[in-house]
Structure formats: C-alpha cells, structure tokens
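This report concerns only the one structure given below.
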Amino acid sequence: MASIAIIGTGYVGLTTGACFSHLGHDVICADIDEAKVARLQAGDVPIVEKGLDRLVDEGIRSGKLHFVVGAESASKEAEFHYLCVPTPQGDDGAADLSYLETAASQISHVLPNNSVVVNKSTVPVGSTRVVARVLGRSDVAVVSNPEFLREGTAVADFLQPDRVVIGSRDQEAAIRVAALYSRIAAPIMVTDPVSAETIKYASNAFLASKLSFVNAIATLCEAVGADVNDVVLGMGYDSRIGREFLRPGPGWGGSCFPKDTRALAKIAQDAGYDFRFLNEVLQVNADQFDRTAQKIIDSVDPGLADNHIAALGLTFKAGTDDLRDSPAVEVLERVVGAGMQVKAYDPAVLVDDNRLAIVHPDLDIEVVSDPYAAAEGAASLVILTEWDEFTWLDFDKLREIMIGKNIVDARNLLDPSIPRRRGFNYRGVGR
Ligand code: UDX
C-alpha cells in the first residue's frame, strides 16, 4: 500500500482521502482551515455525502486516515500528493488556478524524491504543465487523474467508477498511480495529460448539453402537446442515447456544470475555436430558468398578487445540501425580481442557515421549517428540487391552507392526477 497526501478537504478531497484509506492506503489530508481540520480529526464530517462519515470514522479508527493543517505537513513524508483544491471560475470564465499554484508552491520544497503529484481538481487543459513549472522539480512527475464524482453519491462514484482516467507521458508514474486503484473493478485508461483534462471537461459539457437538449424537447412537447416523460422513455430505449440524464427540470446547475461548461468554452476560444454550440447550451439553460420563472409568475391569479408563492426546494438537486449555482435559486431570483413574495422550504436548508445569504446575498425570500408553513396562505406552490418527501405531501391539507389552487412542478416529480383529484390546477415540464 502507498502513502498519499490529500491537499484540500472539500467534497472531492475528503471523499478521495477517505476512499483511498478504505482501499488500504495511508492517507494524510491537509487543509488551511484549522477549525475544519480539528472537526475532521474528531470524525465530524461537515458535508452531506452518503457513506462518507462512515469511511472517515473507519479510517481514523484504523489509523489509515489523518488530518493536518497545511499542505507541507501532509506532503513531507508521502509518495503521492493529490491536489484537490478549488478551481473557481474567474471573471473571464476561465478557471482560477491560484489555489492550485499556491498548493504546488507550498509542497515543492518538501516533496520526497521521486514523488508523484496528481491533479484531481478539475483544471484547465494544460494545467499539468503549470503545476510542473511551479514545482520546479525534475525528479517529480505530475499526473492528471480527474474526478467524476457527483455530489450526494461521491463515495459510490469513487469506489464504483465507470472508469479511471490517468493522464501522464511518464509511463512509470502512470503505472504507479494506476496501482492505487488496484482494488477497484473499473477500466483504467492512460493517456497524455492534455487528453485526460479534456476528457473531464468534455464529459461534463456533454452531460450539460444532454440536459439542455431534453429541456428544449420539453418546451417543444408543451408546444405540440406531447408528453415529455413518454418521449424521453422512448428515446432512452436506444442504447446510443441511454436512459440516464434525460429528466427535464428548471434548468441545470451545481458547483461544476456551469463553471466547467463556461471554462471549456473559454479554453476553446483561447485556442482559436469559437465553440458556438456550447454557448447555445448555456443560453438554452438560462432560457429554461426564465421560462420556469414565467410559469410561476403566471400561476398567481390576478387577485392574489399580494399573496406569496410557496417554493419547495432550494438546493441544486435532491440528496445534497449544496446551494451553489442552484437552478431553484436562479428561478426564485427571477420571481422575486418580478415583485413576487416567496416562502421557501428545503429539507437540507435550516431556517437559520446563513449559507443562502452568503451564496446568494441578494435573494430576498423567507425560509421556513416545513412545506405547510410555506403553503399557508400561498397563491400558488412550486416544486423546484426533486426531494422525495414532496411526493408524500398531504394535498387535502394543502388545498385547505392555500389561497390559490395552482401547482407548478418544475421537476415533473408528482403524478398529476393526485393534486388534480384534490382540485388543484397542475402544470409540469413538457407535459
Ligand atoms: C456533475 C457530474 O455529473 C459529475 O460527473 C462531475 O464530476 C461533477 O458535476 P453534480 O454537479 O454533483 O455532478 O450533479 P449532477 O448529478 O450531474 O446534476 C447536475 C445538475 O443537472 C443538477 O442541477 C441536476 O438537478 C440536473 N439534472 C441532472 C437534471 O436536471 N436532470 C437530470 O436528468 C440529471
């Protein structure tokens, strides 16, 4: 087994470190945030990731997983050094590499001979060369090993991946990194670093394109009177299309797709290719936010304009507590901007949770502690995140406590016959 340093303990770094320790490696995770390191050392996992707390606890008990402050402390005795630091979107759309460069410069003087530095964060094409330059160590190989983790299922995605991608022109370094995954049953492909980085961006951009396509098809279905659920079901039987990632919604979001899709368009532009298709994918997504917001505004009967809208769901998808680039928030910003009042409930967002104010400071809505508190006196009700608990709502009770009787289901979560049987008008997406 190997000794691995993990630099950065966000959902990628913490998941990578905990899973590598579960695979038997000796792992030291480093973060700059002393309070966060202290919480992790006590086994307190600050993010919602299914199974992660169990793996962290297992790793601490087995002595295979440690947490320290500062990248140098982790890297001075490790053989592999995983860079899992944020690569946020810069003002021009390109990824901001300052955290990556800082981490590389911090460890360059403590790396043991023949160490391997691994880029796990999503980094622009060509970043492996940037890290190698910052390190300035000819004895140290730099390898790309992009992550394909979805929030909420990151542990499962790491331990049962569809593939492991390794980008290196140094075959010996590539083989050493591949050996870290020897207990994982998945294809391991080795390519050059630029191709590995491009696989990551192209995969995310393709998935976002698939979602924009299905949202556009949903709009077409509304125009021609088709049922998008049947349309995507019929499409998905074709193995070349597949059943996954065909659920229409209010638009797509999260901390990756918007950032990575814009970054790829910028990478292409800087390389001399005007990636118009990708810009249209982003535009279709923005249009979906607009279209969903307009549906909600239209759901308020004229005489009820002074009543609020009950919004169910704030996170960017069900199964996570992440509010970054949430489609729900994008839509509600538009609804509030049109002068409507909103009371919102989300099972992963507590009433006194200040994250919403931090991530979206100009969103003026009231967050309440349960769906019925949101629905009391509401002109209409909208579902923006596909939390399973919203399928079990008491629609008889909702009919009693709401003033209006319109429901907008932006995730096609409900069986329309259930609210309709209780006197509600129901509007979904593409049906
Ligand atoms: C994504 C990629 O899936 C993952 O491989 C990559 O490593 C990181 O980015 P994540 O951002 O966690 O993962 O979310 P994902 O599950 O892909 O959903 C992204 C957005 O698309 C969400 O807003 C989600 O609600 C939306 N979505 C997803 C749909 O609207 N319909 C679908 O069918 C699937």
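Starting from 1, each residue takes its place in the sequence as its number. Numbering of ligands and ligand atoms starts at 1, following listing order.
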- Query: Got a salt bridge between Arg324 and Glu151, using NZ or NE/NH1/NH2 to carboxylate O under 4.0 Å?
  - Reply: yes

- Message: Please determine whether a side-chain nitrogen of the Lys or Arg among Lys210 and Glu244 lies less than 4.0 Å from a carboxylate oxygen of the Asp or Glu.
- Response: no

- Task: Examine Arg334 relative to Phe289 and say whether NZ or CZ is less than 6.0 Å from the centre of the six-membered ring and inside a 45° cone about the ring axis.
- Result: no

- Query: For Asp352, does the CG atom have more than 12 heavy-atom neighbours from other residues, nucleotides or ligands under 6.0 Å away?
  - Reply: yes

Present, as a list of atom pairs with distances to 0.1 Å, all nitrogen or oxygen contacts under 3.5 Å between ligand 1 and the protein.
from	atom 1	to	atom 2	distance (Å)
ligand 1	7 (O)	Glu147	OE1	3.3
ligand 1	7 (O)	Leu149	N	3.1
ligand 1	7 (O)	Leu149	O	2.9
ligand 1	7 (O)	Lys200	NZ	2.9
ligand 1	12 (O)	Glu151	N	2.6
ligand 1	12 (O)	Lys317	NZ	3.3
ligand 1	14 (O)	Lys317	NZ	3.4
ligand 1	16 (O)	Lys317	NZ	2.9
ligand 1	23 (O)	Gly253	N	3.1
ligand 1	23 (O)	Phe316	O	2.9
ligand 1	25 (O)	Phe316	O	3.3
ligand 1	25 (O)	Arg411	NH1	2.9
ligand 1	25 (O)	Arg411	NH2	3.4
ligand 1	31 (N)	Arg247	O	2.9
ligand 1	33 (O)	Arg247	N	3.1

- Task: Measure from the ring center of Tyr345 to the ring center of Tyr372 and say whether it is less than 6.0 Å.
- Result: no

- Using a distance-only test with no angle check, is there a side-chain donor-acceptor pair under 3.5 angstrom linking Tyr426 and Asp409? yes

